[in-house]
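What follows is a set of notes on a single structure, which appears directly below.
Numbering starts at 1 and runs along the sequence shown.
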Amino acid sequence: MAQQGGGEDKMLIYAMVARGTTVVAEQTAYEGNFRDIAAQCLQRLPYSRDDRFTYACDGHTFTFLIHQGYAFCVVATEAAGREVPLAFLEMIKEDFNKRYAGGKAATAAANSLSRDFGPRLKEQMQYCMDHPEELSRLSKVKAQVSEVKGIMMENIDKVIDRGEHIGGLVTRTEQLHEQAADFRQQGTRIRHKMWFQNMKVKLIVLGIVVALILIIVLSICHGKCH
């Protein structure tokens with residue numbers, strides 16, 4: 001696929017940055033059809049989410065890193081493995097975003113950034129090929145950091161959930177307290193109502209008794225008078 005005079009096996013042979021399907025910067029010192037294959041891959045990539053993809057073809061790997069609508073690609077020999085290409089893509093993604101943070105890349109025409117960013121792609125490709133062990137260690141450290149970050153986020157989510165549960169218990173306790181207060185108030189009103197009703201009955205009975213006593217007294221007095 002790729003041809004050059006060198007004979008190293010673990011090689012990064014082509015790198016490019018694309019905005020969607022438009023290649024805005026690329027770099028290679030090789031000849032081959034990898035440009036055409038990479039362009040075909042660009043047509044099939046899902047740009048709706050950030051992700052990583054690797055395709056294999058004729059002893060080469062085409063690795064893509066999708067980030068915010070941009071595709072960062074490197075073509076490497078299969079002997080280069082996966083860690084070095086992915087580490088390279090992370091490096092050029094950071095470089096690209098820092099250099100063109102002002103928005104120049106958003107309106108760049110096809111290959112218009114190759115002259116400016118191409119040398120950086122070449123420099124980073126060479127660095128990655130010269131320091132594979134360092135990149136491997138860096139990848140492991142990043143993986144460990146990501147794992148720790150994931151665990152911390154999970155713990156934070158649990159704490160938040162626990163806080164929501166506690167908040168729910170507090171709310172329910174307050175509601176029960178209010179219901180108990182209402183119940184006591186209702187009980188007091190009912191007791192007062194029943195007390196008044198009892199007093200009313202007692203007064204009525206007392207009135208009837210008094211009336212009967214008066215009737216009896218008057219009857220006796222009326223009999224003695226005659």
Query raised in the report: Can you name the ring pair (Phe, Tyr, Trp, His ring centres under 6.0 Å) partners of Phe88, sequence neighbours left out?
Result: none
Report summary line: In terms of heavy-atom contacts, Ala25 and Ser114 come closest through CA-OG, 3.3 Å
**Report entry** Greater than 12 external heavy atoms within 6.0 Å of Lys93's NZ
**Finding:** yes
**Report entry** Contacts of type ring pair (Phe, Tyr, Trp, His ring centres under 6.0 Å), residue Phe53, not counting sequence neighbours
**Finding:** none
Sequence neighbours left out, cut at 3.5 Å: what donor-acceptor pairs do the side chains of residues 35-46 make with other protein atoms?
from, atom 1, to, atom 2, distance (Å)
Arg35, NE, Glu26, OE1, 3.4

Query - Distance-minimising heavy-atom pair for Tyr30 and Leu12 - result: CE1-O, 4.2 Å
Report summary line: With sequence neighbours left out, the residues meeting salt bridge (Lys or Arg N to Asp or Glu O under 4.0 Å) with Arg49 are Asp51
Requested in this report: Using ring pair (Phe, Tyr, Trp, His ring centres under 6.0 Å) as the criterion, list what pairs up with Tyr70, not counting sequence neighbours.
Outcome: Phe96
**Report entry** Residue pair Asn111 / Val24, side-chain heavy-atom distance below 4.5 Å
**Finding:** no
Query raised in the report: Taking side chain as C-beta onward, heavy atoms only, is Lys202 less than 4.5 Å from Leu206?
Result: no
Requested in this report: Kindly write out the residues that satisfy side chain to side chain donor-acceptor pair (under 3.5 Å) with Tyr127, not counting sequence neighbours, or none if the list is empty.
Outcome: Glu134
**Report entry** Nearest heavy-atom neighbours spanning Tyr100 and Ala105
**Finding:** CB-CB, 4.0 Å
**Report entry** Between CD1 on residue Ile215 and CG on residue Leu218, distance to nearest 0.5 Å
**Finding:** 8.0 Å
Report task. Decide yes or no for Cys128 and Met91: does some side-chain heavy atom of the first lie under 4.5 Å from some side-chain heavy atom of the second? Result -> yes
Query - Interatomic distance, Ile92 atom CD1 to Met16 atom CE [nearest 0.5 angstrom] - result: 9.5 Å
**Report entry** side-chain contact (heavy atoms from CB on, under 4.5 Å) partners of Ile204, counting only residues at least two apart
**Finding:** Lys200, Ile208
Query raised in the report: Which residue pairs pass the salt bridge (charged side-chain N to carboxylate O under 4.0 Å, His left out) test with at least one member in residues 203-214, sequence neighbours excluded?
Result: none
**Report entry** Those residues that, when tested against Arg120, pass salt bridge (Lys or Arg N to Asp or Glu O under 4.0 Å) (two or more places apart)
**Finding:** Asp95, Glu123
**Report entry** same_hphob_cluster(Met129, Val84) at 4.5 Å side-chain heavy-atom cutoff
**Finding:** yes
Query raised in the report: Do Val75 and Thr61 come close enough that some side-chain heavy atom pair is under 4.5 Å?
Result: no
Query - Straight-line distance of Thr28 OG1 to Leu121 CG, nearest 0.5 Å - result: 10.5 Å
Query raised in the report: Of all heavy-atom pairs between Ala15 and Met125, which one has the smallest distance, and what is that distance?
Result: CB-SD, 3.9 Å
**Report entry** salt bridge (Lys or Arg N to Asp or Glu O under 4.0 Å) partners for Arg82, two or more places apart
**Finding:** none
Query raised in the report: Minimum heavy-atom separation for Ser112 to Ala108, with atom names?
Result: OG-CB, 3.4 Å
Query raised in the report: How long is the span from the CG atom in Leu89 to the CZ atom in Arg52, to the nearest 0.5 Å?
Result: 8.5 Å
Query raised in the report: Which salt bridge (charged side-chain N to carboxylate O under 4.0 Å, His left out) pairs, counting each pair once, include a residue from residues 67-79, with sequence neighbours left out?
Result: none
Report task. With the side chain counted from C-beta on, respond yes when His60 and Ile13 share a heavy-atom pair under 4.5 Å apart, and no when they do not. Result -> yes
Report task. If a pair satisfies salt bridge (charged side-chain N to carboxylate O under 4.0 Å, His left out) and one of its residues is in residues 107-117, list it, with sequence neighbours excluded. Result -> Arg99-Asp116
**Report entry** Test item: Thr77 side-chain N/O and Met11 main-chain N/O as donor-acceptor pair under 3.5 Å
**Finding:** yes
Query raised in the report: Between atom OH of Tyr14 and atom SG of Cys73, what is the distance when rounded to the nearest 0.5 Å?
Result: 6.5 Å
Query - Residue pair Val17 / Leu113, side-chain heavy-atom distance below 4.5 Å - result: no
